[in-house]
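Everything below concerns the one structure shown next.
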2 protein chains.
Amino acid sequence: MNNKENFVNKLRSSGLRPTKQRIEICKALYDREKTFHFTIMDLAKILKRKSREKISLATIYNTVFAFKKKNYLKEISINKNKSYFDTNVSSHHHFFNESSNELIDLKKSDVGRVNIKRKIPGKKIKSVEVLVRISD
Amino acid sequence: MNNKENFVNKLRSSGLRPTKQRIEICKALYDREKTFHFTIMDLAKILKRKSREKISLATIYNTVFAFKKKNYLKEISINKNKSYFDTNVSSHHHFFNESSNELIDLKKSDVGRVNIKRKIPGKKIKSVEVLVRISD
DNA sequence: CACTACTTTAGAATCATTATAAAGTAGAAA
DNA sequence: TTTCTACTTTATAATGATTCTAAAGTAGTG
């Protein structure tokens, strides 16, 4: 189970001080059954609702990007004017339902191996992501 | 060959009045050897340099989105804070160089067939696009 | 307990994008 | 050609997300 102690350890083990703001954000993000997608503004609303502490927007930004850097969060390429994040950091692909603007995780087994044949000298592949657009 | 006459016809045939601004923008976008990627700001700079007419930013936005709707342009989602557009409207994949923020087209033959095994009842697949993030 | 480097914060600043509303223009009709 | 109207362009203001700033607060070390 994810409890406060775990979050403190998790944070400390990656060199982030376990401040109360970061722990609150961990709770909001990881103390759930399933992974989920969110924008910064979504998270701000969740925190406002769930948390007794007021956490400033700047801190939410700082924390989300710190978590992204530590690979606790993944940023998703879907949208132009907002950043979407995913608490599912495993390598996976997405369906994007254009009719409803809904983003659906694909399991690894849902997509066959993607074979990138071209190499760019001196560059390393960081990730390979498939976006499948669907509609009614 | 792409000349003014062609652009006028192209525009008119899709219900867009061939204004001098739109024709200038067509020239900037399509009167070239190869397809390319650009942001609105890139295009604004190109137009400032190439075109005698001053074209307002608002018109550039309007025109780019009108062209997108008519399928003259494709919008590319790379998780950045700007919209990228592509004059190559065929379905294709991309490298995104995270070190330089550069977007590189992949040819169809550069990526093996992507096998999407999961189906969503009642939904049709519109496109399958692969984004390969690379860096130094 | 004291110190220092890391954090948080409010608010301002910035940047891309969208909205507004007034002036201009293309195309159709007379 | 002239007139008319709907479509366009434009400058500018407004918006909204994100980043910056610099001052106050705090965790962890010694």
Side-chain angles (χ1 to χ4, degrees), chain A residues 4-5 7-28 37-48 51-70 72-73 75-85 101, chain B residues 4-5 7-28 37-48 51-70 72-73 75-85 101:
Chain A
K4 181 172 163 178
E5 204 50 40
F7 293 139
V8 170
N9 291 335
K10 178 178 184 164
L11 289 167
R12 224 188 303 259
S13 73
S14 54
L16 294 173
R17 286 186 182 168
T19 64
K20 57 183 186 307
Q21 292 86 344
R22 283 171 178 166
I23 291 165
E24 284 301 303
I25 291 173
C26 277
K27 282 187 199 164
H37 307 121
F38 65 94
T39 64
I40 297 282
M41 290 306 166
D42 292 338
L43 179 55
K45 275 183 208 123
I46 292 167
L47 290 167
K48 199 168 193 173
S51 173
R52 181 157 263 66
E53 298 286 337
K54 178 184 182 307
I55 302 179
S56 82
L57 240 198
T59 298
I60 298 173
Y61 272 95
N62 290 340
T63 303
V64 164
F65 285 101
F67 282 12
K68 183 192 166 189
K69 189 177 277 174
K70 297 300 182 185
Y72 295 167
L73 288 174
E75 198 171 358
I76 304 170
S77 312
I78 265 297
N79 185 289
K80 18 185 174 151
N81 52 330
K82 277 180 193 167
S83 287
Y84 278 76
F85 295 88
N101 269 24
Chain B
K4 181 174 163 177
E5 202 52 39
F7 293 138
V8 170
N9 292 335
K10 180 179 181 164
L11 290 167
R12 223 186 305 255
S13 73
S14 53
L16 295 172
R17 284 187 185 170
T19 63
K20 56 183 186 308
Q21 293 87 342
R22 285 171 177 166
I23 291 165
E24 284 302 302
I25 291 174
C26 277
K27 282 187 199 163
H37 307 120
F38 64 94
T39 64
I40 297 283
M41 290 307 167
D42 293 337
L43 179 56
K45 276 183 207 120
I46 292 167
L47 290 166
K48 199 167 193 172
S51 174
R52 183 157 259 69
E53 299 285 338
K54 177 186 184 308
I55 301 179
S56 83
L57 239 197
T59 298
I60 298 172
Y61 273 95
N62 290 339
T63 304
V64 164
F65 284 100
F67 281 12
K68 183 192 165 190
K69 189 176 279 177
K70 296 299 181 183
Y72 296 166
L73 288 173
E75 194 170 3
I76 302 170
S77 295
I78 48 180
N79 219 351
K80 273 287 137 190
N81 47 334
K82 280 179 191 168
S83 286
Y84 281 74
F85 295 88
N101 271 22

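Every value quoted in this text rests on a predicted model; they were computed, and no experiment measured them. Residue numbers start from 1 in every chain, and the chains themselves are labelled A, B, ... in the order their sequence lines are given, proteins ahead of strands.
Comparing D:dT19, C:dG27, C:dT9 by their closest approach to the side chain of A:I55 singles out C:dT9. Which of C:dT17, C:dT8, C:dA19 sits closest to the side chain of A:N62 comes down to C:dT8. The side chain of B:S83 lies closest to C:dT17, out of C:dT17, D:dG28, D:dT9. Here C:dT7 is the nucleotide among C:dT7, D:dT10, C:dG11 with the atom lying nearest to any side-chain atom of A:R22. Listed candidates were C:dA10, C:dT8, D:dT9. Nearest to the side chain of B:T63 is D:dT9. Candidate nucleotides C:dT9, C:dT8, D:dT8 were compared by shortest atom distance to the side chain of B:T19, and D:dT8 ranks first.
A straight line from CZ of B:R12 to P of C:dT25 spans 17 Å, rounded to a whole angstrom. Atom P of nucleotide D:dT8 and atom CD of B:E53 are separated by 17 Å, given to the nearest angstrom. Distance A:Y61 OH to C:dT14 P: 17 Å, rounded to the nearest Å. Following rounding to the nearest Å, B:I60 (CD1) and D:dT9 (P) show an atom-to-atom distance of 11 Å. If you take NZ of B:K68 and C1' of C:dT18, they are 15 Å apart, rounded to a whole angstrom. Rounded to whole Å, the distance from CG on B:L11 to P on D:dT8 is 10 Å. When rounded to the nearest whole Å, the span between CZ of B:F65 and C1' of C:dA19 equals 14 Å. C:dA26 atom P lies 19 Å from atom CZ of B:F7, rounded to whole Å.
OP1 or OP2 of C:dT9 lies within a sub-4.0 Å distance of a side-chain N or O belonging to A:S56. For the OP1/OP2 pair of C:dT25 and a distance below 4.0 Å, the side-chain nitrogens and oxygens of B:Q21 include no atom meeting the criterion. The side chain of A:K20 contributes no N or O atom lying less than 4.0 Å from OP1 or OP2 of C:dT7. One finds no side-chain N or O of A:K54 lying less than 4.0 angstrom from the OP1 or OP2 phosphate oxygen of C:dT9.
Taking five base pairs at each end of the helix from C:dC1-D:dG30 to C:dA30-D:dT1 and finding the rotation axis that steps the C1' atoms of four pairs onto the next four gives two axes whose angle is 20°, to the nearest 10°.
With sequence neighbours left out, the ring pair (Phe, Tyr, Trp, His ring centres under 6.0 Å) criterion links B:F67 to B:Y72. B:T63 is linked by a side chain to side chain donor-acceptor pair (under 3.5 Å) to nothing, counting only residues two or more places apart in sequence or in another chain. Annotation: side-chain contact (heavy atoms from CB on, under 4.5 Å) contacts of A:A28 (sequence neighbours excluded): A:L43, A:I46, A:L47. Shown here are the side chain to side chain donor-acceptor pair (under 3.5 Å) partners of B:D42, two or more places apart in sequence or in another chain: B:T39. Every residue was checked against the side chain to side chain donor-acceptor pair (under 3.5 Å) condition with B:K69, not counting sequence neighbours, and none meets it.
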Can you give each donor-acceptor pair under 3.5 Å made by side-chain atoms of residues 19-26 of chain A, sequence neighbours left out, with the distance rounded to 0.1 Å?
| from | atom 1 | to | atom 2 | distance (Å) |
| --- | --- | --- | --- | --- |
| A:T19 | OG1 | A:R22 | N | 3.2 |
| A:R22 | NH1 | A:R17 | O | 3.0 |
| A:E24 | OE1 | A:S51 | OG | 2.9 |
| A:E24 | OE2 | A:K27 | NZ | 3.3 |

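Between A:P18 and A:L11, the closest heavy-atom pair is CA-CD1, 3.8 Å.
No donor-acceptor distance shorter than 3.5 angstrom exists from the side chain of B:K68 to the backbone of B:E75, with no hydrogens or angles considered.
From B:F65, atom CZ reaches atom OG of B:S83 across 5.0 Å, with rounding to the nearest 0.5 Å. Atom-to-atom distance recorded for B:K54:NZ and B:T59:OG1 is 8.5 Å, nearest 0.5 angstrom.
Among the atoms of the strands shown, base atoms are found under 4.0 Å from some heavy atom of B:T59.
For the segment residues 39-47 of chain A, the set of residues with a heavy atom within less than 4.0 Å of an atom of DNA chain C is empty.
Comparing B:L16 and B:L57 along DNA chain D, the residue whose closest nucleotide (by nearest heavy atom) sits nearer the 5' end is B:L16.
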Please list, for nucleotides 28-30 of chain C, all pairs of protein and nucleotide N/O atoms separated by less than 3.5 Å.
none

Kindly give the atom pairs (protein nitrogen or oxygen, nucleotide nitrogen or oxygen) under 3.5 Å for nucleotides 22-24 of chain C.
none

